[in-house]
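Sequence lines set the chain letters: A, B, ... in the order given, protein chains first and strands last, and positions in each chain run from 1. Keep in mind that this is a model prediction, so the values were computed, not measured. Quick note: numbers below take in every heavy atom, side chains included, and nothing from hydrogens, waters or symmetry partners.
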2 protein chains.
Amino acid sequence: MGEMTATDASGSVAGRSARAEASRQEILAAAAGMMRRNGYAEMSLRDVAARVHKKAGSLYYHFASKEDLAAEVMRIGVEAVETDVRATLARLGEEASAEARLNAAIEVHLETLLKRSDFVSSHIRCYPFVPESVRAELREARRRYDRLWLELIGDFAGPATRAVEVHYIRHILVGALNQSLEWFNPNRDSIEDFAGQLHRMLLGLKGRHAR
Amino acid sequence: MGEMTATDASGSVAGRSARAEASRQEILAAAAGMMRRNGYAEMSLRDVAARVHKKAGSLYYHFASKEDLAAEVMRIGVEAVETDVRATLARLGEEASAEARLNAAIEVHLETLLKRSDFVSSHIRCYPFVPESVRAELREARRRYDRLWLELIGDFAGPATRAVEVHYIRHILVGALNQSLEWFNPNRDSIEDFAGQLHRMLLGLKGRHAR
DNA sequence: GTCTATAGACGGATAGAC
DNA sequence: GTCTATCCGTCTATAGAC
């Protein structure tokens with residue numbers, strides 16, 4: 001038990017050795033990659049284990065079940081993208097316009113989804129097909145991130161915009177962002193151009209008369 | 001062979017009895033429902049067969065493999081939504097404005113996706129996770145439908161709009177439409193309101209100066 | 001912590017009776 | 001056309017050795 005500490009250098013949880021924590025992180029990363037590519041149902045514990053040079057049974061030292069592993073992968077994903085977006089907004093500072101903040105959020109969400117994180121993309125792709133118990137565990141974290149977008153869009157659209165409009169705009173915007181996972185080709189497409197086009201469509205919502 | 005005709009009343013293919021054709025359609029509908037709800041990997045032939053009061057082995061009289069069944073379901077889906085949209089456009093007639101045509105296409109796509117067809121929704125939800133051989137079979141039909149949207153958007157945006165912009169607008173628009181499968185709640189949301197919001201965002205693309 | 005071994009369930013697919 | 005029976009593979013999960 002000598003290697004256990006309340007909080008070690010890598011920030012692992014108390015009661016878990018540094019070695020166990022390293023294995024755990026390796027397994028999570030391998031599972032995220034496989035979930036992103038093949039989906040939840042076809043992510044097999046044998047394959048995940050093989051990718052980190054272990055056997056399937058060994059994973060049960062770190063995770064209680066396949067559902068537990070998947071839920072952890074997806075929780076890391078949604079928290080990662082929220083953390084990235086909030087960090088960028090914080091860097092922009094209080095004086096940034098609502099338009100600048102919304103644009104920055106769009107670009108960071110896309111960067112994290114498309115380039116940075118298998119955890120985010122596996123969350124987006126797998127959520128619809130994951131067992132209900134897993135969805136239940138993710139609901140709160142998802143709502144938190146949803147609320148961030150509602151705020152960003154509400155601030156941008158202005159106080160005259162009704163809540164139901166903000167609701168639809170959020171689904172349109174975030175839906176368009178997340179679907180990019182299925183068509184975005186880094187050799188052909190550009191995040192800047194894609195985000196720019198979204199920006200122009202959002203600008204159309206401002207400075208108009210009510211219907 | 002007495003029941004075989006070149007084209008019978010139900011429009012079945014030559015060389016297939018009316019009874020076989022009816023069974024085939026039942027199986028396809030059951031598979032579409034299961035694929036929509038549970039995804040491709042978790043659609044089991046045993047469950048599909050049970051839903052139409054048959055046994056798993058019997059499906060192989062109608063389909064060569066699970067992949068074959070899924071590809072047929074998804075092919076029907078993409079062709080159904082294209083047929084619905086084209087029929088509505090034809091009804092609008094030649095004199096309809098590009099704006100009216102685009103709006104009509106948006107509404108029909110949503111109606112078919114969200115209310116009318118498990119075939120369309122199973123296509124949208126399962127395509128990313130289906131085996132490559134299935135995707136290959138669907139590629140041409142998907143491209144045809146994609147081209148229709150490129151035309152509608154190109155006509156709406158006007159000749160000054162570059163092809164790359166139309167490309168992104170199509171992905172944004174169709175992505176937002178298709179993601180609605182994951183959030184649209186008929187008890188809370190309205191296709192008209194959702195389509196109206198999309199319409200306003202698209203209007204923002206018109207009557208602006210180039211950047 | 002990771003291994004081997006295996007239980008136990010379920011999957012797609014095929015053969016042959018009817 | 002559909003059934004029964006079955007092959008053979010894969011899966012999650014567990015038990016116990018090391």
ask   = So, B:D189 and A:H171: side-chain donor and acceptor under 3.5 Å apart, yes or no?
value = no
query = When the distance from NE2 of B:H53 to P of D:dT2 is rounded to whole Å, what number comes out?
reply = 13 Å
task = In whole angstrom, give the distance that lies between atom CD of B:E21 and atom P of D:dT2.
result = 12 Å
request  = May I ask you to decide whether A:R139 forms a salt bridge with A:E132, counting only side-chain N to carboxylate O separations under 4.0 Å?
outcome  = yes
key: Euclidean distance, atom CG of residue B:L45 to atom C1' of C:dA13 [Å, nearest integer]   = 9 Å
ask   = Whole Å only: how far is the CG atom of B:L59 from the C1' atom of D:dT2?
value = 10 Å
task = Measure centre to centre between the rings of B:W183 and B:F194, then say whether the value is under 6.0 Å.
result = yes
Distance, rounded to the nearest Å, where B:R46 contributes CZ and D:dT6 contributes C1' = 10 Å
message = Using a heavy-atom cut-off of 4.0 Å across all strands, would you classify B:K55 as base, sugar-phosphate, or nothing?
response = base
query = Are side-chain N/O atoms of A:H53 and A:E26 paired as donor and acceptor at under 3.5 Å?
reply = no
task = Give a yes/no answer on whether the side chain of B:H62 brings an N or O atom under 4.0 Å of OP1 or OP2 in D:dT2.
result = yes
task = Rounded to the nearest angstrom, tell me the gap between atom CZ in B:F63 and atom P in D:dT2.
result = 11 Å
query = Among D:dT2, C:dA13, D:dT4, which is the nearest nucleotide to the side chain of B:Y61?
reply = D:dT2
query = Counting any heavy atom closer than 4.0 Å, what does B:R19 reach on the DNA or RNA strands: base, sugar-phosphate only, or nothing?
reply = sugar-phosphate
query = The side chain of B:S58 lies closest to which of these nucleotides: D:dT2, C:dC3, C:dG12?
reply = D:dT2
message = If you only use heavy atoms from C-beta on, which nucleotide in D:dT2, C:dT2, D:dA13 is closest to the side chain of A:Y60?
response = D:dA13
ask   = Taking only N and O in the side chain of A:S23, is any of them less than 4.0 Å away from OP1 or OP2 of C:dT2?
value = yes
remark   = Rounded to whole Å, the CD-P distance (A:E42 to D:dC11) equals 10 Å
task = Determine, step by step, whether A:R144 and A:E79 satisfy the side-chain contact (heavy atoms from CB on, under 4.5 Å) criterion, reporting the C-alpha distance in whole Å, the side-chain angles of both residues, the deciding distance to 0.1 Å, and the verdict.
result = CA-CA 9 Å; A:R144 257 196 305 279; A:E79 291 183 357; 4.2 Å; yes
